Student: 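Below is the structure I would like to discuss, written out as structure tokens.
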Amino acid sequence: MGTIKDWILEKEKDDIVRIEDIVLHGCSGGISGLIYYRETTAFHDDHEKEIWDELYEAAQQEGLKTMDLVHRVAPEAGSIAQLKNDLAWWAVEVVASKIIHERAGAAA
């Protein structure tokens, strides 16, 4: 299974996605493997602990409670599938941003 970072880097290595595109355009434009609810809910379930750790860390940095951030990330979620979808996309976008920052730091 690996980490979310591993998943993103594998997609990049296979020329399926550009990490910069994830950061600039988000996942809603379509990322292979994260398009359909069956894919995003499975991704969430596979990476649930890491996603919620990211949520907790981001909420702490913003001075929020975790569930307040969840509401911000998925304000229109009307089902568990929609919630997992939004959280999966958010986590991939956050981790992609971290990869870009790591690369920029390494290049400096």
Side-chain angles (χ1 to χ4, degrees):
M1 173 179 63
T3 65
I4 295 171
K5 181 178 180 179
D6 295 337
W7 186 89
I8 294 168
L9 293 175
E10 186 66 29
K11 293 284 185 184
E12 179 186 49
K13 184 180 93 173
D14 293 341
D15 284 332
I16 294 172
V17 70
R18 290 185 59 231
I19 296 174
E20 294 83 2
D21 289 343
I22 296 172
V23 174
L24 291 173
H25 307 294
C27 293
S28 63
I31 304 272
S32 179
L34 284 180
I35 295 173
Y36 304 103
Y37 282 150
R38 65 180 157 71
E39 296 170 330
T40 57
T41 56
F43 183 91
H44 174 278
D45 293 348
D46 289 344
H47 300 280
E48 183 173 9
K49 180 177 181 344
E50 185 178 357
I51 290 169
W52 285 86
D53 288 347
E54 288 287 348
L55 283 163
Y56 177 79
E57 180 182 317
Q60 292 294 303
Q61 290 175 356
E62 293 186 42
L64 298 171
K65 294 179 181 174
T66 303
M67 291 309 291
D68 290 336
L69 180 58
V70 170
H71 179 70
R72 187 185 299 168
V73 169
E76 301 296 322
S79 69
I80 294 297
Q82 288 174 337
L83 175 64
K84 288 180 177 184
N85 178 82
D86 291 349
L87 295 179
W89 282 356
W90 175 86
V92 168
E93 292 164 6
V94 166
V95 174
S97 182
K98 287 181 177 184
I99 293 169
I100 294 295
H101 289 309
E102 287 172 7
R103 289 179 177 174

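What you see below is based on every heavy atom in this structure, not just the backbone, and it leaves out hydrogens, waters and symmetry mates. Note that this is a predicted model, so its numbers are computed, not measured.
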Student: If we only count heavy atoms from C-beta on, is the Trp7 to Asp46 side-chain gap below 4.5 Å?
Tutor: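 With C-beta onward as the side chain, the pair stays apart.
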Student: If you take all heavy atoms of Trp90 and Ala58, which pair is closest and at what distance?
Tutor: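 For Trp90 and Ala58, the tightest heavy-atom pair comes out as CZ2-CB, 3.9 Å.
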Student: For Glu50, check side-chain hydrogen bond (donor to acceptor under 3.5 Å, both in side chains) against everything at least two apart and list the hits.
Tutor: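 Expected list: none.
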Student: Measuring from His44:NE2 to Leu83:CG, what's the distance to the nearest 0.5 Å?
Tutor: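 Going from NE2 on His44 over to CG on Leu83, the span is 6.5 Å.
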Student: Excluding sequence neighbours, so at least two apart, what forms side chain to side chain contact (heavy atoms under 4.5 Å, CB included) with Asp53?
Tutor: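 Asp53 satisfies side chain to side chain contact (heavy atoms under 4.5 Å, CB included) with Lys49 once adjacent residues are dropped.
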Student: Please find the pair of heavy atoms, one from Ile19 and one from Ala96, that lie closest to each other, and give the distance.
Tutor: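 That would be CG2-O, 3.6 Å.
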Student: Residues in side chain to side chain contact (heavy atoms under 4.5 Å, CB included) with Ser28, at least two apart?
Tutor: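 Partners of Ser28 under the side chain to side chain contact (heavy atoms under 4.5 Å, CB included) test: Trp89.
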Student: What closest approach, in Å, do Val17 and Ile8 show between heavy atoms, and which atom pair accounts for it?
Tutor: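 Of all heavy-atom pairs spanning Val17 and Ile8, the closest is CG1-O, 4.4 Å.
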Student: Which distance, rounded to the nearest 0.5 Å, do you find between the CG of Leu87 and the CD of Glu54?
Tutor: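 Separation between the atoms: 12.0 Å.
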Student: Taking CG in Leu24 as the centre, count heavy atoms belonging to other residues, nucleotides or ligands within less than 6.0 Å. Is the count above 12?
Tutor: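 Check passes, neighbour count above 12.
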Student: Determine, using the 4.5 Å side-chain heavy-atom cutoff (strictly less than), whether Val94 and Met67 are members of one ILVMFWY cluster.
Tutor: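 Linked, Val94 and Met67 end up in one cluster.
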Student: Is there a side-chain contact between Trp52 and Val70, using heavy atoms and a 4.5 Å cut-off?
Tutor: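 Result yes, sub-4.5 Å side-chain heavy-atom pair found.
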Student: Do the side chains of Ile99 and Glu12 get nearer than 4.5 Å, heavy atoms only?
Tutor: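 Side-chain contact under 4.5 Å: no.
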Student: With sequence neighbours left out, what residues match Lys84 under side-chain hydrogen bond (donor to acceptor under 3.5 Å, both in side chains)?
Tutor: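 Scan of Lys84 (side-chain hydrogen bond (donor to acceptor under 3.5 Å, both in side chains), adjacent residues dropped) gives Asp45.
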Student: Within the supplied structure, the quantity of interest is the number of heavy atoms (other residues, nucleotides, ligands) at a distance under 6.0 Å from His25 NE2; does it exceed 12?
Tutor: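 Enclosed.
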Student: Please go through Tyr36's hydrophobic cluster and name the other residues, only I, L, V, M, F, W, Y counting, with side-chain heavy atoms under 4.5 Å joining them.
Tutor: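 So far as hydrophobic clustering goes, Tyr36 is joined with Ile35.
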Student: Got a sec, which residues hit side chain to side chain contact (heavy atoms under 4.5 Å, CB included) with Glu102, two or more places apart in sequence or on another chain?
Tutor: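 Partners of Glu102 under the side chain to side chain contact (heavy atoms under 4.5 Å, CB included) test: Lys5.
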